[in-house]
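Some notes on the structure that comes next.
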Protein chains: 2
Amino acid sequence: MAKDMTLLWGSGSPPCWRVMIALEEKNLQGYNHKMFSFKKMEHKSEEVMKMNPRGQLPAFKHGDKVLNESYAACLYLENQFKSQGNKLIPDCPAELAMMYQRMLEGLTLHQKMIDVIACYWKVPEEKRPSSAGEWSSESLTTEIKLWEGYLQKTSGGFLAGKTFSLADVCVYPTIFTIFRFRLCEERYPKLAAYYNRLKDRPSIKASWPPTWLENPRGEDIMKDI
Amino acid sequence: MAKDMTLLWGSGSPPCWRVMIALEEKNLQGYNHKMFSFKKMEHKSEEVMKMNPRGQLPAFKHGDKVLNESYAACLYLENQFKSQGNKLIPDCPAELAMMYQRMLEGLTLHQKMIDVIACYWKVPEEKRPSSAGEWSSESLTTEIKLWEGYLQKTSGGFLAGKTFSLADVCVYPTIFTIFRFRLCEERYPKLAAYYNRLKDRPSIKASWPPTWLENPRGEDIMKDI
């Protein structure tokens with residue numbers, strides 16, 4: 001039981017989801033946690049700001065060690081609980097290199113996705129183009145094609161090869177979000193197969209964003225990408 | 001001799017500098033390398049694009065393992081050459097947590113710095129405000145204050161505590177760049193002390209951007225921050 005850990009989180013945030021998947025993979029259930037609403041701007045509340053002065057979620061603590069950056073928390077958890085739960089850093093040097101490379105590239109995919117979503121929400125509803133294809137999604141499209149290509153070339157079914165690794169922990173929540181916004185499964189078959197295959201992985205199922213369970217279909221922002 | 005490694009890089013790029021510092025720290029000298037000019041847009045050349053389809057530098061290879069993301073390259077090098085050169089991941093759990101946290105937060109500091117520099121270069125010369133204080137640098141100012149605070153609280157002189165770690169490898173080039181753009185040393189004494197103390201570290205001295213040696217003073221974009 002991970003009673004010495006505390007996670008402040010928000011539903012539907014890929015960075016929060018990453019940490020929750022890592023905790024499940026390392027058999028670190030039973031941690032203290034509290035959900036905050038982004039809609040109500042609770043991530044800027046005093047309670048969050050006290051733990052994370054940037055007013056962002058997740059905010060994560062193990063004892064008095066603060067790990068608010070989701071990537072930092074994932075790397076730390078794997079390092080400190082190496083022999084507990086699933087091993088998330090492969091031994092094979094080729095897979096190891098691929099894991100770090102995909103994991104860090106995942107930040108670019110995530111940022112490009114966020115840029116498109118932010119662009120969509122900024123425009124008043126009546127003026128919104130009907131799909132991402134009609135606005136500044138070119139850079140996201142190029143990026144998604146790159147990842148489809150990666151999965152075409154990688155055998156083994158995971159981002160770094162044959163084993164589920166920190167690359168999947170960190171990037172899967174972003175890929176999931178992109179499909180939630182209705183990326184076309186037929187147009188990106190390898191990404192779609194990856195997305196569907198991992199849906200039922202126990203760590204992912206156990207930490208599925210609760211607001212997405214209630215409301216399973218997102219806006220179709222990305223349907224024409 | 002690291003003859004099975006190849007680095008394509010550009011002078012004055014913090015991401016390139018990170019990888020070069022890590023290579024020095026791990027005693028991996030003698031790698032193949034080639035410098036490209038950002039001014040001449042050589043990072044979009046076929047030679048770079050072939051190794052890094054995003055057309056970004058660094059592009060780094062160890063044998064046939066590609067590690068174009070600077071953070072990925074640094075993590076990989078430390079993992080694969082643990083007992084060679086300087087150890088860059090501390091054993092102490094508190095320092096380890098701090099190392100990952102500062103390292104990943106460093107990406108935010110870097111992005112906010114880049115935003116201010118990009119904003120400066122976008123404006124035609126005759127219309128440029130005379131300092132960053134006059135434009136959108138508020139978010140960079142808040143960020144820099146955060147880091148000054150971190151160094152006030154951390155004893156030991158390095159970002160994660162008593163030992164030079166991957167956090168310093170990854171964040172120092174950004175802090176150096178900020179001071180190159182004339183951040184006021186008196187206003188941020190802890191950051192300035194850190195900046196000055198590490199200047200003479202052998203790995204940093206050996207990899208100092210050559211165009212900065214020729215031209216030691218940058219524009220005074222950040223003097224009023």
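A, B, ... follow the sequence lines: proteins, then strands. Residue 1 opens every chain. For the numbers below, each heavy atom of this structure counts, side chains included, while hydrogens, waters and symmetry mates do not.
For an aromatic pair to be called close, the ring centres must be under 6.0 Å apart, and B:W147 with B:Y194 fails this. Between B:F179 and B:Y195, the ring center distance clears the sub-6.0 Å criterion. If you look at A:F81 and A:H62, their ring centroids are closer than 6.0 Å. Within the 6.0 Å centre-distance limit, the rings of A:H43 and A:F38 are counted as a close aromatic pair.
Proximity to chain B (any heavy atom under 4.5 Å) is shown, for A:P93, by both the backbone and the side chain. Residue A:T108 touches chain B through its side chain alone, counting heavy-atom pairs closer than 4.5 Å. A:D64 does not touch chain B: none of its heavy atoms, backbone or side chain, sits under 4.5 Å away.
In terms of heavy-atom pairs under 4.5 Å with chain B, the best-connected choice from A:M98, A:K65, A:R102 is A:K65. Taking B:N79, B:V66, B:T142 one by one and counting their heavy-atom pairs under 4.5 Å with chain A, the maximum is reached by B:N79.
Just one residue in the list B:P173, B:S70, B:P209 forms a side-chain contact (heavy atoms from CB on, under 4.5 Å) with B:P14, and that residue is B:P173.
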